[in-house]
Amino acid sequence: MLTPDQIAEHNKALETDLAVDVEHLSSSLERSGRSAESTIAALAAFSVAAPSWAVGTGGTRFGRFPIGGEPRTTEEKIDDVAMLNSLTASNGSISLHVPWDLPDDPAGLKEYAVDRGIWFDAMNSNTFQDNPSTTDDGRLTYKFGSLANSDKAVRDVAVEHNKEVIDLGVELGSKALTVWLADGINHPGQADHRVQFEHVAEGLSAIHAHLPSGWQMYTEHKPYEPAFYATVNFDWGSSLLLAQAAGPKASCLVDLGHHLPNANIEQVVSRLAMVDRLGGFHFNDSKYGDDDLTTGSIKPFQLFLIFCELLRAGEGSLPELAYMIDQSHNIKDPLEDLIQSTEAVCVAYAQALLVDRDALTDAQEVNDATQGQEILQGAFRTDVRPLVAEARRRGGGAIAPLAGYRDSGYRAEIIEERGSESVATGL
Ligand code: RM4
Ligand code: MN
Ligand code: MN
């Protein structure tokens, strides 16, 4: 990770211009009664978790092209996230995926992370791949599902695995478990929708019973893939039913790529928040399906509207949810993609903070659709990047994190250290 001195050196050349830009934007916002300072303060307090499975290169079923220097261990993944956070000052945590991450010495790993200013966000279980240690040395398989499997022995090991992930999370200081299941049906007639749902509900409630106090559990829906005809937890409605069946500490996690085309995700967010079952996000962007593209690169307006709904739910402040990035970096340097995604999340958040919510409510009350749109567009079209950069600078990060990353030579350094052939665990 970059030292404060290195960051200061990078910032030195950019500080004067940034101050001018912030000043200019502040006065233009003030003219319409909005405050740059409060936006900067809110941004400075915001952090989005980095996924441990996305600091290596992603692949498709057609191929995978390792970038070089991919982390070989969870410690090296933490090093990458610490590097990212030293630049962005907004990625203070890592979300682990088990067994892709399976530390021998959890206490040592926790210390390693703490030393680098990183904490552990939600833990992710994995019952979408067979894992000899959890599937009884290969005798049992998740080929036909995990919590939904017709074989009780398989369902039991899947529950057991989730409990072990919680136990590991407790040792690391995490406070939540995210359950994304691949369970579903590939061929009509293969299994019964209702029976599968009931099995999953029962399994989730057994996992829920294992949650320590202060813990949360998130159900993450996805319409298809790897099951191509039906997925048990396929939409927010099923996710809500499953969270309700699991218990009071369960809520729904919205992965932005896990919706059928044209789904109104901001409305999904509104509904889940309304019933107090919105748990968190996996940020990414999507053109067709679970594309895991750079957040904000395809539908930035949607991202902005999602943040508007979040601020609506939190009455002007961001609710305390699990905010994570979940992406697959197939051709870009993963750290560069995470820098861009973090910037996009912060930009959308800042723009949403600029919405005059009282004026919007007034316009809605008199059915002034034109004015309602003006208010949203006015905020969305504001170039808030100086505020985001200023928040980063005040948090000890780089004014221009992408340039800072490129100038640092980090990738070349880790290729030297880890080799050009290393392949991180993940998909
Ligand atoms: C899934 C889903 C999960 C993630 C896996 C790797 O599509 O998004 O959140 O853990 O991919
Ligand atoms: Mn996800
Ligand atoms: Mn996904």
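Each ligand, and each atom within it, is numbered from 1 in the order the structure gives. Computed from a prediction, not measured in an experiment: that's the story for all the values here.
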Query raised in the report: Is the ring centre of H258 less than 6.0 Å from the ring centre of H282?
Result: no
Query raised in the report: Is K332 paired with E336 through a side-chain N to carboxylate O contact shorter than 4.0 Å?
Result: no
Query raised in the report: So, for Y218 and W180, is the gap between ring centers shorter than 6.0 Å?
Result: no
Report summary line: Taking the Mn ion (ligand 3) as the apex, H258 NE2 and D290 OD1 span an angle, rounded to 10°, of 80°
Query raised in the report: Heavy-atom contacts under 4.0 Å between H258 and ligand 1: side chain, backbone, both, or neither?
Result: side chain
**Report entry** salt_bridge(R194, D192) N-O dist < 4.0 Å
**Finding:** no
Requested in this report: Give a yes or no on whether a salt bridge exists between R392 and E343, defined as a side-chain N under 4.0 angstrom from a carboxylate O.
Outcome: yes
Report summary line: Honestly, for T178 the part within reach of ligand 1 (heavy atoms, under 4.0 Å) is neither
Report summary line: ligand 1 to D290, heavy atom cutoff 4.0 Å, flagged ligand atoms 7 (O)
Report task. Could you label the plane-to-plane angle of the W100 and W53 rings as parallel, tilted or perpendicular, counting under 30° as parallel and over 60° as perpendicular? Result -> tilted
Query raised in the report: Going by the order shown, which atoms of ligand 1 are within less than 4.0 Å of some heavy atom of E220?
Result: 2 (C), 3 (C), 8 (O), 9 (O)
Query raised in the report: Which of the atoms of ligand 1 are close to K222, meaning less than 4.0 Å from one of its heavy atoms?
Result: 7 (O)
Query raised in the report: What's the atom name of the N, O or S in H282 nearest to the Mn ion (ligand 2)?
Result: ND1
**Report entry** S47 and N91: CA distance, side-chain angles, deciding distance, side-chain hydrogen bond (donor to acceptor under 3.5 Å, both in side chains) verdict
**Finding:** CA-CA 5 Å; S47 184; N91 304 103; over 6 Å; no
Report task. Output the list of atoms in ligand 1 that are nearer than 4.0 Å to some heavy atom of D255, sorted by atom number. Result -> 8 (O)
Report task. Of all N, O or S atoms in D326, identify the one at the shortest distance from the Mn ion (ligand 2). Result -> OD2
Requested in this report: May I ask you to list the atoms of ligand 1 that are less than 4.0 angstrom from any heavy atom of H282?
Outcome: 9 (O)
Query raised in the report: Ring centres of F380 and F301 under 6.0 Å apart?
Result: yes
Requested in this report: Provide the atom name of the closest N, O or S atom of E220 relative to the Mn ion (ligand 2).
Outcome: OE2
Requested in this report: Please step through side-chain hydrogen bond (donor to acceptor under 3.5 Å, both in side chains) for the pair T342 and T88, ending with a clear verdict.
Outcome: CA-CA 8 Å; T342 302; T88 64; 5.3 Å; no
**Report entry** Protein contact of atom 8 (O) of ligand 1 - nearest heavy atom, named by residue and atom, plus distance
**Finding:** D326 OD2, 2.8 Å
**Report entry** Nitrogen or oxygen atoms of H97 and ligand 1 under 3.5 Å apart
**Finding:** yes
**Report entry** Of the N, O or S atoms in D255, the one nearest the Mn ion (ligand 2)
**Finding:** OD2
